[in-house]
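Report on one structure; see the data block that follows.
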Amino acid sequence: MLDFARMHTQAFNDQYAYQGPLGMCYSPDHTTFRLWSPTASRVQVSLGQGQKWLLDLQADSQHPGLWFLDLQGNFYLHDYNYLLTFPDGSVHETPDPYAVAARANGKPSVILDPLAISPPGWSEEDWPAPLDQGRLAICEIHIRDLTIGPDNGIFHKGKFLGLTEPDTQTDQGHLSGLAYLKSLGVSHIQLMPCFDFASVDEAGDLSFNAQYNWGYDPENYNVVEGSYASQPDDPSCRILEFKTLVQTLHQAGFQVIMDVVYNHVYKLEESPLHLTVPGYYFRVQDNGVFYDGTGCGNETASEQIMFRKYMIDSLCYWAQTYHIDGFRFDLMGIHDVETMQAVRQALEAINPHILLLGEGWQMGHHPSGVLGANQSQAKKLPGFRFFNDQMRDALRGSNFGHQAKGWINGDTSLEKTQQVYHNILGQPDHGSYLDASQSVIYTECHDNATLYDKLVQTLPGISQEEAVKRQALALSIQCFSFGTLFFHAGQEMMRTKGGDSNSYQSPDSINALDYDRAGQYPALGQLFRRLLEMRSAMGVFSLTSYQEIAQAVELYRLEEGCIAYKLKYGGQVYLVAQNACTSPWQLDLPAGEWQPLLTQWTLPEEPGQAFSPVRDQLAVEGLESILVQQIA
Ligand code: CA
């Protein structure tokens, strides 16, 4: 067998790289199998239900490394695995790395045509129209979190179908599931992993509190996760039910983003990629030990031509087959710039408005000369949006250490205030972004403590009233910032995980969304919806270029803990005042009369009803955010 180092050379890639189709392709009269393995000496497919056939694939003389079999007959719903024999005599049995269907728990692979399994009306779906940047707001959800709760009124607990049920509500009468999502006013639903992950036993007990995982442990990249299907052992069921969910979300007006995790696999030694071409797809040290830049035991090598192709094939498959409108790349910094550029090009050929965002952390063991797809390379990655950790940390404090505070929870220093303002403009101090759209504005996601839990950790003894004010201030700063809005489901109702800062395998009792908190914090939910409406209506937040933003925004006052800025757009002049101090702020207004549109605590009782206009001075309460518009 070739040694691992040689497999990571240009020469190896040049000799064996193959750009044609791979995987299984079914039709009623024949099925083709294509597998890439330049290091195997024999490849067979083990096929059948009960009785197994073992059939040889032929080495393709035109494409070294490609193995091929065209099998006459109808093999619909037959199981299959590959058996690869290597020159040292070792034999690997593995599912197809390109599998599109599987039995419960991801193996074996199954023969079917995923394009033929669709809900009514699926083929008539159009790609959504492009969305204005000022209207764009992403809400991150986990299928199980939103559906598993015992009293949420949802029938399909923990299932894709649970989010297709209309008009559900909790026993206490609060909106749940799809109705809850529709009430938020967000534009995009980001689904935490829905590809087949390994850590939940699909054949086991899936009832409340029985098992849980976020799903960042990929098993089959092109198979839908089985635990979210009503029948995990029926390979067609999960395909149909996931498409039904996507279709339902589209019909509700949402675009759908899938969270994808190509940076590592669950277990290297069990990965179909590693079993078919050992050593090729993962970064490896000269001594043969695999790198672990992800903290998950391995890191993939996107600079390897056939892993780059694998990622692109997989993403295009999800976009085309499941009508996915965007992708969120887990630990995107592990990948490389050239691959992500190619990813965007391939996806835009399918949908010119595809939305791409990722965790651009500096990490991974890229070979010399290979640029990591991290934030510092953002200018080389137009079309990608990056989780803006500087703004997150400036607002809520670092995730390292429970005591670290940010602007909205106690650090109102001038330095922090200035940093917050730069990020309001979509321009973090590292200056790495091309424009403001690349700044993903967030104060909470599935990782780390929820914002509410962070407030409780950093401000021991904080009252509920003060916590709501600080949470509202965070939402308001997000909504009046330039960039790409991102929220964690439940953020607008003070979501708590009881202080659990890494709930990836914590029980449902920690992770499930408690919809009844909406009843405890109705004003916060109302404020959230109004903020999104206002942001969209103002128009100015559709700007992304720094030049245009500089022309539209004027800093009016900045002092420790207080920021006021004017927004001039479409013939209107607005002023936003943010006060992160607990004491009131008397702000001298510019000349003229100003109409308050939105304050944090007082909303007009009736639609159309307005606050009284103000002039000369604006009284900003402690921990308050106010938006006023010039009327004379
Ligand atoms: Ca699974």
Side-chain angles (χ1 to χ4, degrees), residues 23-24 77 79-81 93-112 114 117 141-148 156-163 191-246 258-275 294 296-298 300 310 314 317-318 321-322 324 328 330 446 503-508 511:
M24 172 278 305
L77 287 186
D79 297 345
Y80 73 104
N81 272 337
E93 181 167 7
T94 172
D96 186 351
Y98 273 76
V100 292
R103 299 285 167 191
N105 290 322
K107 47 180 96 73
S109 307
V110 172
I111 295 172
L112 52 70
I117 303 164
I141 70 162
H142 184 276
I143 296 294
R144 198 170 163 93
D145 290 3
L146 264 69
T147 57
I148 195 72
H156 296 92
K157 301 278 184 212
K159 305 297 183 187
F160 294 127
L161 290 183
L163 282 178
L191 304 171
M192 285 170 67
C194 287
F195 56 81
D196 179 29
F197 52 83
S199 50
V200 166
D201 178 5
E202 299 176 4
D205 183 359
L206 293 167
S207 63
F208 187 80
N209 270 349
Q211 316 184 54
Y212 184 89
N213 208 284
W214 283 343
Y216 294 89
D217 40 81
E219 180 161 5
N220 284 292
Y221 279 107
N222 300 334
V223 175
V224 173
E225 164 60 14
S227 68
Y228 299 149
S230 54
Q231 296 166 67
D233 200 42
D234 173 351
S236 305
C237 174
R238 59 182 83 179
I239 296 173
L240 180 65
E241 292 182 354
F242 187 52
K243 284 185 183 179
T244 302
L245 171 62
V246 173
M258 237 179 97
D259 196 336
V260 287
V261 187
Y262 295 103
N263 62 79
H264 74 280
V265 297
Y266 176 55
K267 283 185 181 164
L268 185 81
E269 63 274 16
E270 293 178 12
S271 160
L273 291 167
H274 191 62
L275 288 170
T294 62
C296 300
N298 57 80
T300 56
Y310 186 77
S314 176
Y317 172 74
W318 286 106
T321 310
Y322 289 94
I324 299 298
R328 177 265 188 200
D330 189 64
H446 69 273
S503 68
Y504 76 101
Q505 58 177 5
S506 301
D508 293 316
N511 282 298

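Quick caveat, the model's predicted, so the values are computed rather than measured. All values below come from the heavy atoms of this structure, side chains included, with hydrogens, waters and symmetry mates left out. Note that ligands are numbered from 1 as they come in the structure, with each ligand's atoms numbered from 1 the same way.
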Short question: side chain of Glu225, backbone of Phe197 - any donor-acceptor pair under 3.5 Å? yes
Side-chain contact test, heavy atoms from C-beta onward, threshold under 4.5 Å: evaluate it for Leu163 versus Ile141 and give yes or no. yes
The Ca ion (ligand 1) to Asp196: nearest N/O/S atom name: OD1
Would one find an N, O or S atom of Glu202, in either backbone or side chain, under 3.0 Å from the Ca ion (ligand 1)? yes
Just give me the atom name: the N, O or S atom of Glu225 closest to the Ca ion (ligand 1). OE1
Report yes if the side chains of Tyr504 and Tyr216 come closer than 4.5 Å at any heavy-atom pair, otherwise no. no
Short N/O/S contact of Gly106 with the Ca ion (ligand 1) (below 3.0 Å): no
Checking the side chain of Asn209 only, and the main-chain atoms of Pro507 only, is there a donor and an acceptor separated by less than 3.5 Å? no
